[in-house]
**Student:** 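Could you have a look at this structure, given as structure tokens, before my questions?
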Amino acid sequence: MTVTTDVLVSTDWVAQHAADPSVRVIEVDVDTTAYEQGHVRGAAGWNWNTQLCDTVVRDIVPKKALQESRRAEVSV
């Protein structure tokens with residue numbers, strides 16, 4: 001399994017940047033129950049199945065579609 005570390009951050013990094021207005025934490029999951037029960041203050045919760053998954057090609061939606069989405073709460 002390959003992990004792309006340039007887009008992942010530690011919990012310490014999130015805590016250090018909690019007040020940074022240029023940082024937005026996005027929690028992505030197939031089951032958003034955990035987000036609804038509690039999340040990082042100011043974080044957005046996106047459902048993988050309904051907001052990020054292109055069901056035709058079974059991959060992440062293209063950048064343009066994400067930008068045009070009404071639920072895209074951050075600049076990409």
**Student:** Please give me the minimum heavy-atom distance between R24 and G42, naming the atom from each residue.
**Tutor:**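 Scanning both residues, the minimum pair turns out to be NE-O, 2.8 Å.
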**Student:** Restricting to side chain to side chain donor-acceptor pair (under 3.5 Å), what partner residues turn up for E36, sequence neighbours left out?
**Tutor:** T32
**Student:** My understanding is that only residues two or more places apart in sequence, or in another chain, count here; which of them pass ring pair (Phe, Tyr, Trp, His ring centres under 6.0 Å) with W13?
**Tutor:**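 So W13 forms a ring pair (Phe, Tyr, Trp, His ring centres under 6.0 Å) with H17.
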**Student:** Holding to side chain to side chain contact (heavy atoms under 4.5 Å, CB included), I want the full list of residues that pass it with V14, two or more places apart in sequence or in another chain.
**Tutor:**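 V14 satisfies side chain to side chain contact (heavy atoms under 4.5 Å, CB included) with V9, V25, V40 only.
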**Student:** So, does R41 use its side chain to make a donor-acceptor pair with the main chain of A18 at under 3.5 Å?
**Tutor:** no
**Student:** Would you say the side-chain atoms of Y35 pair up with the backbone N or O of A43, donor to acceptor, closer than 3.5 Å?
**Tutor:** yes
**Student:** For D20, which residues count as a side chain to side chain donor-acceptor pair (under 3.5 Å) partner, sequence neighbours excluded?
**Tutor:**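 If we apply the side chain to side chain donor-acceptor pair (under 3.5 Å) test to D20, skipping adjacent residues, the hits are S22.
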**Student:** Side chains of T33 and D31: is there a donor and an acceptor less than 3.5 Å apart?
**Tutor:**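 Yes - a donor-acceptor pair under 3.5 Å links their side chains.
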**Student:** Please name all residues satisfying side chain to side chain donor-acceptor pair (under 3.5 Å) with T11, sequence neighbours left out, ordered by chain then number.
**Tutor:** none
